[in-house]
Amino acid sequence: MAAKDKGEVSARDLDRIKFAFDIFDFDGKGQVDTFYIGDLMRALNLNPTNKYLEKFEPAAQKGQKMMKMDEFIPMFSSVKKDKDQGSYEDFVEVLKLYDKQENGTMMVQELEYILKSLGEPLEKADVEEVLKELVPPEDDEGCVEFDPFLRKLCGIKIFP
């Protein structure tokens, strides 16, 4: 790996990458299956789209293509620099569009529709799991608070 590549990530990021890489190195051979590129990125608190990850040519199935950490670091840098990942604040602004009562709530059916239809749509089973795991209980009118949902989704502590 060129020295330039190592200079693109901080020493802290390099430590985090090594730690995560070691976890995904199931055989202990210093390699990770490219099938897990997305999971590895997300373990490092990055949120790339699946479409963005396609440019790194991950294997379609496990066991087809391996990568060393030196090959992964430029991928990490690229994803980290990408400004099109969306942030908590971006997501709040989008969901405010569905807040008809302007009280921080939205219809759970609308959230379900968003997850199934917009951006990179989720499969029905994945939507059900997201709703079950991350969405607070709905009120009598079928509305849910979207802030706790987004905080869980983005890994932000609800109580400081």
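Because the structure is predicted, anything quoted here is derived from the model rather than measured.
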Student: Starting from the C-alpha separation in whole Å, work towards a yes-or-no answer on side chain to side chain contact (heavy atoms under 4.5 Å, CB included) for Phe21 and Leu40.
Tutor: CA-CA 7 Å; Phe21 203 87; Leu40 186 53; 3.8 Å; yes

Student: Give the C-alpha distance, both sets of side-chain angles, the deciding distance and a yes or no for side chain to side chain contact (heavy atoms under 4.5 Å, CB included) between Gln101 and Glu141.
Tutor: CA-CA 11 Å; Gln101 298 176 14; Glu141 298 173 7; 3.0 Å; yes

Student: Roughly how far, to the nearest 0.5 Å, is the CG atom of Asp33 from the CE atom of Met66?
Tutor: 5.0 Å

Student: Does any non-hydrogen side-chain atom of Leu44 lie less than 4.5 Å from one of Phe76?
Tutor: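 Counting from C-beta outward, Phe76 and Leu44 do come under 4.5 Å.
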
Student: Can you tell me how far apart CD (Glu128) and CD (Glu123) are? Round to the nearest 0.5 Å.
Tutor: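 These two atoms lie 11.0 Å from each other.
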
Student: Please examine the side chains of Ile37 and Met67, heavy atoms only from C-beta on, and report whether any two atoms are closer than 4.5 Å.
Tutor: yes

Student: Any link between Ile23 and Tyr36 through a network of hydrophobic side chains (Ile, Leu, Val, Met, Phe, Trp, Tyr) touching at under 4.5 Å?
Tutor: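 Cluster IDs for Ile23 and Tyr36 match.
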
Student: Salt bridge or not between Lys124 and Glu112? Use side-chain N to carboxylate O under 4.0 Å.
Tutor: no

Student: If two hydrophobic side chains count as joined below 4.5 Å and joins carry through other members, does Leu97 share a cluster with Leu115?
Tutor: yes

Student: Kindly indicate whether the side chain of Met69, heavy atoms from C-beta on, has any atom under 4.5 Å from the side chain of Ile17.
Tutor: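 Yes, at least one pair of side-chain atoms sits under 4.5 Å.
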
Student: Would you sort out whether Asp139 and Val144 count as a side chain to side chain contact (heavy atoms under 4.5 Å, CB included), showing the intermediate values?
Tutor: CA-CA 6 Å; Asp139 64 17; Val144 294; over 6 Å; no

Student: For Arg42 and Asn50, which heavy atoms make the closest approach, and how far apart are they?
Tutor: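 Looking at all heavy atoms of both residues, the shortest contact is NH2-OD1, 3.2 Å.
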
Student: Within the structure provided, determine whether Leu95 and Ile114 are in side-chain contact (heavy-atom separation under 4.5 Å).
Tutor: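 SC-SC contact between Leu95 and Ile114 confirmed.
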
Student: Show your reasoning for whether side chain to side chain contact (heavy atoms under 4.5 Å, CB included) applies to Lys100 and Glu110.
Tutor: CA-CA 11 Å; Lys100 293 173 182 57; Glu110 290 179 323; 2.6 Å; yes

Student: Could Lys29 and Asp25 be called an ion pair, given the rule that one side-chain N must be under 4.0 Å from one carboxylate O?
Tutor: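 No salt bridge links Lys29 with Asp25.
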
Student: Mind checking whether Phe24 and Phe26 have parallel, tilted or perpendicular rings, split at 30° and 60°?
Tutor: tilted

Student: Distance check, rounded to the nearest 0.5 Å: Lys96 atom NZ versus Phe146 atom CZ?
Tutor: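 With rounding to 0.5 Å, NZ (Lys96) is 7.0 Å from CZ (Phe146).
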
Student: Out of curiosity, Leu46 CG to Ser78 OG, how far, rounded to the nearest 0.5 Å?
Tutor: 10.5 Å

Student: For residues Thr34 and Glu57, determine if any side-chain heavy atom of one lies less than 4.5 Å from a side-chain heavy atom of the other.
Tutor: no

Student: Side chain of Glu133, backbone of Val130: donor and acceptor closer than 3.5 Å?
Tutor: no

Student: Over all heavy atoms of both residues, which pair between Phe35 and Ala60 is shortest? Give the atoms and the distance, please.
Tutor: CE1-O, 3.5 Å

Student: Sequence neighbours excluded, which residues qualify as salt bridge (Lys or Arg N to Asp or Glu O under 4.0 Å) partners of Asp147?
Tutor: Arg151

Student: Are Met75 and Met41 side-chain neighbours, meaning at least one heavy-atom pair lies under 4.5 Å?
Tutor: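 Yes, close enough: below the 4.5 Å cut-off.
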
Student: Under a 4.0 Å threshold between the charged nitrogen and the carboxylate oxygen, would Arg16 count as salt-bridged to Asp13?
Tutor: yes

Student: How far does CZ of Phe72 sit from OG of Ser77, to the nearest 0.5 angstrom?
Tutor: 9.5 Å

Student: Check whether any side-chain N or O of Asp99 sits under 3.5 Å from a backbone N or O of Gly104 as a donor-acceptor pair, and report yes or no.
Tutor: yes

Student: Are Leu131 and Leu122 linked, directly or through intermediate hydrophobic residues, by side-chain heavy-atom contacts shorter than 4.5 Å (ILVMFWY only)?
Tutor: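 In one cluster: yes.
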
Student: Within a radius of less than 6.0 Å around CD of Gln31, do more than 12 heavy atoms belonging to other residues, nucleotides or ligands occur?
Tutor: yes

Student: Are Val32 and Val9 joined in one hydrophobic group, where the rule is that I, L, V, M, F, W and Y side chains link up if heavy atoms are under 4.5 Å apart?
Tutor: yes

Student: Please report the shortest heavy-atom distance between Glu138 and Val108, naming the atom on each side.
Tutor: OE2-CG1, 3.5 Å

Student: Quick one: CG on Leu53 to CZ on Phe56, what's the gap to the nearest 0.5 Å?
Tutor: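 Leu53 atom CG to Phe56 atom CZ measures 6.5 Å (nearest 0.5 Å).
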
Student: Might you point out which heavy atoms bring Gly142 and Gln109 nearest each other, and give the distance in Å?
Tutor: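 In this case the closest contact between Gly142 and Gln109 is O-OE1, 4.1 Å.
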
Student: Identify whether the distance between the nearest side-chain nitrogen and carboxylate oxygen of Glu129 and Lys132 falls below 4.0 Å.
Tutor: no

Student: Give a yes or no on this: more than 12 heavy atoms of other residues, nucleotides or ligands lie within 6.0 Å of atom NZ of Lys116.
Tutor: yes

Student: Hey, does Leu150 have a side-chain heavy atom less than 4.5 Å from the side chain of Val92?
Tutor: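 They are in side-chain contact.
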
